[in-house]
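Throughout, residue positions are numbered sequentially from 1 according to the sequence presented. In each ligand, atom 1 is the first atom listed, and ligand 1 is the first ligand listed.
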Amino acid sequence: MYTAIGYAAQTSTAPLAPMTFERRAPRADDVAIEILYCGVCHSDIHQARNEWGFATYPLMPGHEIVGKVTAIGANVSKFKVGDLVGVGCLVDSCRTCEACTADLEQYCVEGPTQTYAGHDRIDGSLTMGGYSSAIVVSDRFVVSIPAKLDLASAAPILCAGITTYSPLKHFGVKAGDKVGVLGMGGLGHMGIKFAKAMGAEVTLFTRSQAKAEEARRQGADHVIVSTDEQQMQAAAGQFDYLLDTIPVQHDLNPYLNTLKFDGVHILVGLIEPINPPVHAVNLVMKRRVLAGSMIGGLAETQEVLDFCAEHDITCDIEMLDIRNINDAFERVIKGDVKYRFVIDMATLKA
Ligand code: NDP
Ligand code: ZN
């Protein structure tokens, strides 16, 4: 065991505050990592405040982790001390079910072990995330950061990147398809870049006209202001896919109406329950599909990092001093960040 420090919430109503805790000594298949950067995902806020109802405390968020290997277990051959590596939302899974053996650990039939607020499969201890100085993770759940990528802006690829890349690939987005991205935050702005890199014609649906120019800079071909009923009506029947990153309950019906027949509306937010209700007519009459998607498996997480290196895709980030994390949460909720906070872990030592 060795001592680490980090920022954690002690209850669902407490702000994040510094906490000293123990990380395990590396097991035979473990990689110990000094964390250099960690992205701030909207999920961190949902979880710290128990908005999904399954948080456990103390809760130390952070699942967009980039760092340097400081030690390896006896059986680790994939990594060596000094390597630059990443850890995303998962740190373990059963490894034997049909999902795990198909490289879809995120859908592990037993339930994967989350990077934070989960329970270690061997000793049962509570997992603590990346808002911390160090982490120890089994090598199967560690990925390599391509040398070409800037380390800080690579961090959000571990969640915001893979969560948007995976469904676009899975549902088969290809050149010429019309893809709508709903919401331009951390996930949305990556979704625009990936859909564009896959050759799609991309439209951002946003609440704010002010984001129009920014969206074009991200690669969007068109912008629809979702609060403008006329613009929504004019888009009826146009899209092959919608990638919905809106983090709160919202009416899906006006968006479904913008899909062609056979169009697919992909949810990534846990907007329990969907409210107002979806009208069956919006699905049935056009054979439309309402789908969901969760992050991605480890192989695909490595794939998206390599894809970003190959296509010069980076996340737009604002560097954060960890002492300002509670303000940063408020700013994320207000949409006041372009488009991802990344904690510079050097500020933890200060
Ligand atoms: P952000 O807060 O960075 O972005 C969300 C965007 O949604 C905002 O920028 C805004 O875009 C839009 N939005 C925000 N509030 C509202 C509102 N009240 N009504 C309509 N639109 C709104 O969040 P993230 O990108 O980090 O995360 C998005 C969601 O995805 C979260 O719920 C998160 O938990 C979830 N998530 C899911 C994962 C999965 O595996 N399925 C993994 C990671 C995250 P605009 O201003 O352009 O309208
Ligand atoms: Zn996330």
Side-chain angles (χ1 to χ4, degrees), residues 38-52 54-55 61-65 86-90 104-107 112 114-117 129-131 155-168 170 180-193 203-215 218 220 223-228 232 242-252 254-255 266-272 275 291-297 300-301 304 315-318 328-342:
C38 184
V40 176
C41 179
H42 206 121
S43 303
D44 299 345
I45 306 171
H46 293 309
Q47 281 279 63
R49 300 180 177 180
N50 198 17
E51 289 168 0
W52 294 336
F54 49 79
H63 56 208
E64 295 183 339
I65 300 166
V87 176
C89 303
L90 307 176
L104 295 167
E105 297 90 348
Q106 74 274 33
Y107 304 121
Q114 309 285 337
T115 302
Y116 60 82
Y131 292 7
I157 299 169
L158 277 312
C159 174
I162 182 64
T163 301
T164 47
Y165 178 85
S166 182
L168 294 176
H170 174 75
V181 175
L182 279 50
M184 190 166 76
L187 270 63
H189 94 289
M190 293 303 283
I192 293 172
K193 296 181 203 221
T203 300
L204 171 69
F205 289 78
T206 177
R207 295 164 300 170
S208 78
Q209 175 65 46
K211 281 191 181 173
E213 203 172 305
E214 277 281 317
Q218 301 293 344
V223 174
I224 292 176
V225 177
S226 55
T227 48
D228 182 332
M232 291 296 282
L242 296 176
L243 179 61
D244 185 342
T245 77
I246 298 171
V248 295
Q249 285 178 326
H250 55 284
D251 190 356
L252 302 192
Y255 293 104
I266 307 155
L267 291 176
V268 296
L270 293 177
I271 50 170
E272 302 302 358
N275 186 34
S293 186
M294 188 170 80
I295 43 173
E300 197 173 40
T301 303
V304 68
C315 190
D316 294 22
I317 63 165
E318 182 176 329
F329 274 15
E330 294 310 318
R331 286 185 53 199
V332 170
I333 292 165
K334 278 192 270 169
D336 178 24
V337 51
K338 288 178 179 170
Y339 285 91
R340 200 58 141 190
F341 282 116
V342 171

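- When Glu64, His46, His42 are ranked by how near their heavy atoms come to atom 32 (O) of ligand 1, first place goes to His46.
- Residue contacts with ligand 1: Thr206 is placed with a nitrogen or oxygen under 3.5 Å of a nitrogen or oxygen of the ligand (distance criterion only).
- Counting only heavy atoms of the protein, atom 29 (C) of ligand 1 lies nearest to Thr245 O, 3.4 Å.
- Annotation: atom 40 (O) of ligand 1 to nearest protein heavy atom, Ile295 N, 2.7 Å.
- Between Tyr255 and Ile246 the shortest side-chain heavy-atom distance falls below 4.5 Å.
- Every heavy atom of Gly335 sits 4.0 Å or more from the atoms of ligand 1.
- Here Phe341 has no heavy atoms under 4.0 Å from ligand 1, in either its backbone or its side chain.
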>> I'd like to know whether Leu158 forms a side-chain contact (heavy atoms from CB on, under 4.5 Å) with His63, so could you lay out the CA-CA distance, the side-chain angles of the two residues, the decisive distance to 0.1 Å, and finally the verdict.
In response: CA-CA 7 Å; Leu158 277 312; His63 56 208; over 6 Å; no

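- Inclusion of Cys89 in the first shell of the Zn ion (ligand 2) is not supported: no N, O or S atom falls under 2.8 Å.
- In the vicinity of Lys211, heavy-atom distances shorter than 4.0 Å reach the ligand 1 atoms 9 (O), 11 (O), 45 (P), 46 (O), 47 (O).
- Among all protein heavy atoms, the one lying closest to atom 38 (C) of ligand 1 is Thr163 CG2, 3.5 Å.
- Residue-to-ligand polar distances keep Cys41 apart from ligand 1: every N/O pair is separated by 3.5 Å or more.
- Taking all heavy atoms of Gly185, Gly292, Pro167 into account, the minimum distance to atom 8 (C) of ligand 1 is reached by Gly185.
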>> Working note: Arg331 + Glu318, criterion side-chain contact (heavy atoms from CB on, under 4.5 Å); need CA distance, chi angles, decisive distance, verdict.
In response: CA-CA 12 Å; Arg331 286 185 53 199; Glu318 182 176 329; 3.1 Å; yes

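- Contact annotation: the side chain of Met190 never approaches that of Pro156 to less than 4.5 Å [non-hydrogen atoms, C-beta and beyond].
- In terms of protein heavy atoms, atom 18 (N) of ligand 1 is closest to Val248 CG2, 3.2 Å.
- Ile157 places a side-chain heavy atom less than 4.5 Å from the side chain of Val304.
- Heavy atoms of Val268 found under 4.0 angstrom from ligand 1 belong to the backbone as well as the side chain.
- Using a 4.5 Å heavy-atom threshold, the side chains of His170 and Ser293 count as separate.
- With a 4.5 Å cut-off on side-chain heavy atoms, Asp44 and Phe329 count as touching.
- Each of the atoms 24 (P), 26 (O) of ligand 1 lies under 4.0 Å from some heavy atom of Arg340.
- Neither the backbone nor the side chain of His250 comes within 4.0 Å of ligand 1, counting heavy atoms alone.
- In this structure, Cys159 and Ile295 have side chains that are in contact, with non-hydrogen atoms separated by less than 4.5 Å.
- Geometrically, ligand 1 and Leu187 share a nitrogen or oxygen pair separated by less than 3.5 Å.
- Annotation: side chain of His250 is in contact with side chain of Ile271 (closest heavy-atom distance under 4.5 Å).
- When each of Ile266, Leu242, Leu267, Leu187 is paired with Leu182, the side-chain contact (heavy atoms from CB on, under 4.5 Å) condition holds for Leu242 and for no other.
- Side chains of Pro112 and Glu105 form no contact here, defined as non-hydrogen atoms less than 4.5 Å apart.
- When atom types are taken as modelled, the side chain of Asp316 and the backbone of Lys338 share no donor-acceptor pair closer than 3.5 angstrom.
- In this structure, Thr245 contributes its side chain and Gly183 its backbone to a donor-acceptor pair below 3.5 Å.
- Not a single N/O/S atom of His42, whether from backbone or side chain, sits less than 2.8 Å from the Zn ion (ligand 2).
- By the 3.5 Å distance cut-off applied to N or O atoms, Met184 is counted among the residues near ligand 1.
- For ligand 1, the atoms sitting less than 4.0 Å from at least one non-hydrogen atom of Val332 are 2 (O), numbered in the order shown with element in parentheses.
- Neither the backbone nor the side chain of Gln106 comes within contact range of ligand 1; no heavy atom lies under 4.0 Å.
- Polar contact check, Gly186 against ligand 1: a nitrogen or oxygen pair lies under 3.5 Å apart.
- Between His189, Lys338, Arg207, Gln47, it is Arg207 that holds the heavy atom closest to atom 20 (C) of ligand 1.
- Per-residue contacts place Cys159 under 4.0 angstrom from the following atoms of ligand 1 (heavy atoms of the residue considered): 42 (C), 43 (C).
- Each of the atoms 34 (O) of ligand 1 lies under 4.0 Å from some heavy atom of Trp52.
- Residue nearest to atom 7 (O) of ligand 1, selected from Gly39, Ser43, Pro156, Pro247: Pro247 (by heavy-atom distance).
- Of the heavy atoms in Cys89, none comes closer than 4.0 Å to ligand 1.
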